[in-house]
S.K.: 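Structure in C-alpha cells, see below.
The residues of the chain are indexed from 1 along the displayed sequence. Here the structure is a predicted model, which means the values were calculated and not measured.
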Amino acid sequence: MEALRYIADETGVPPARVYSAATFYSLFNLEPQGDHVICVCRGTACHTRGSRDLLDKLCLDLGLSDREADETAKPTRWPSPRRIAA
C-alpha cells in the first residue's frame, strides 16, 4: 500500500483512484508474487480452445488443487499459476 500512496502523491491522483486501477487489472498485484507467474486465460474464447484442460494439467503437475491456483501466488521459487480472463 505504500507504493500506491507514493504513486498517488507523486501524480496528484486520489489514492482511491490509484487503488481502483491497481485492483482492476489482473496482472497488477498488491502482494508479492512467485518468481514465475503462469497466467492461464479462462475467458470464453480461451475456454473453447481448451484452457480448462491446460489449467487442470498445470495444477496436477504442480500438485495444486484448482482453487489453490490463485491462492498460491506468493513469494516462492515455484511457479504461481493464476487464472485470468482476456
S.K.: Could you measure the distance from the CG atom of L55 to the CG atom of L60? Nearest 0.5 Å is fine.
M.R.: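 It comes to 11.0 Å.
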
S.K.: Does the S20 side chain pair with the main chain of A16, one donor and one acceptor, at a distance under 3.5 Å?
M.R.: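 No, S20 side chain to A16 backbone: no donor-acceptor pair under 3.5 Å.
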
S.K.: What's the separation between atom OG1 in T23 and atom CG in L30, rounded to the nearest 0.5 Å?
M.R.: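 It is 6.5 Å, given to the nearest 0.5 Å.
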
S.K.: Locate the shortest heavy-atom distance separating R52 from R42; write the atom from each residue and the value.
M.R.: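 Minimum heavy-atom contact is N-NH1, 3.1 Å.
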
S.K.: Throw together a table of side-chain donor-acceptor distances under 3.5 angstrom for residues 2-14, partners on residues two or more places apart or in other chains.
M.R.:
{"from": "T11", "atom 1": "OG1", "to": "I7", "atom 2": "O", "distance (Å)": "2.7"}
{"from": "T11", "atom 1": "OG1", "to": "V13", "atom 2": "N", "distance (Å)": "3.3"}

S.K.: Can you tell me how far apart CG (D61) and CG (D56) are? Round to the nearest 0.5 Å.
M.R.: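 Going from the CG atom of D61 to the CG atom of D56 covers 11.0 Å.
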
